[in-house]
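Remarks on the structure that follows.
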Amino acid sequence: LAQGDGALAYYNAGAGSADGAITWTERLRVTAAGNLGVGTDSAKAHLDIVDNDASGYIASFRQSNTLNGSSIFIDSPHDSNLRPTSIDFAQGGNVKWSVGQAYQSVSDRAFHVATSKLQSDGSGSKLVITTDGDVGIGTSAPVHTGAGATTGNTATLAVGIITCTT
């Protein structure tokens, strides 16, 4: 724990011996302005989390009480085409909803809403909005449905097959 310039920082060291050099790594900092940085020494917001992993959850917010075991995860899966980001909403450890960009998406940089964790190529998506403004319900790849469908104030809507049971 160190303090200086109005900031408070927490450091830790890897395993080593008492007679060897110790390398300290900053893990957390509270700036003089009150911003909390995790993985950064220059927090840009009240909470600024920086992760340099190739993929995986960036942050998680979890309720551990057994009566309300819900979680929110911010994910950034690895994708060679782009760096998508999604938010997963879980209950009892199981992702029930996911919103954001899917990795290896059929519709590049599209926004997805899924009733499970977003999968490769947008599988599991129930609603997709492409950067061109096309909307698909029940399909991961909305398409234009006719000539002039995206001109003026006309929107394109592609509806796939949705099976409902009661």
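Nearest heavy-atom pair, Gly124 versus Ala114, reported as atom, atom and distance to 0.1 Å: O-CB, 3.3 Å. Annotation for Asn35 and Lys44: closest pair ND2-C, 4.2 Å, computed over non-hydrogen atoms. Shortest non-hydrogen contact noted between Ile49 and Ala59 is CD1-CB, 3.9 Å. Residues Thr130 and Ala110 come closest through the heavy atom pair CA-CB, 4.0 Å. When all heavy atoms are compared, the tightest approach of Val135 to Ile129 is CG2-CG1, 4.3 Å.
For Lys117 and Asp75, the salt-bridge test passes: some basic side-chain N is under 4.0 Å from an acidic carboxylate O.
Contact annotation: the side chain of Phe73 never approaches that of Ile58 to less than 4.5 Å [non-hydrogen atoms, C-beta and beyond]. Looking at Leu118 and Ser125, their side chains come closer than 4.5 Å, going by heavy atoms from C-beta outward. Contact annotation: the side chain of Phe111 never approaches that of Leu127 to less than 4.5 Å [non-hydrogen atoms, C-beta and beyond]. In this structure the side chain of Val38 never reaches within 4.5 angstrom of the side chain of Asp48, judged on heavy atoms. Tyr11 is listed as a side-chain neighbour of Glu26, based on a closest heavy-atom distance under 4.5 Å.
Atoms OG1 and CG, on Thr31 and Leu36 in that order, are 8.5 Å from each other to the nearest 0.5 Å. Rounding to the nearest 0.5 Å places OG of Ser70 at 11.0 Å from CZ of Phe89. Between Tyr10 atom OH and Trp24 atom CH2 the span is 8.5 Å, to the nearest 0.5 Å. With rounding to the nearest 0.5 angstrom, the NZ atom of Lys96 is 10.0 Å from the OG1 atom of Thr115.
When hydrophobic clusters are built by joining Ile, Leu, Val, Met, Phe, Trp and Tyr residues whose side-chain heavy atoms come closer than 4.5 Å, directly or via intermediates, Val50 is not grouped with Leu28.
Judged by distance alone, the side chain of Thr40 and the main-chain N or O of Ser42 form a donor-acceptor pair under 3.5 Å.
When the shell of 6.0 Å around CD of Gln63 is examined, it contains more than 12 heavy atoms from other residues, nucleotides or ligands. Heavy atoms from other residues, nucleotides or ligands lying under 6.0 Å from CG of Asp5 number 12 at most.
Under the 3.5 Å distance criterion, with hydrogens and angles disregarded, no donor-acceptor pair is assigned to the side chains of Asp51 and Tyr57. Remark: the Ser98 side chain and the Asp88 side chain contain an N/O donor-acceptor pair separated by less than 3.5 Å.
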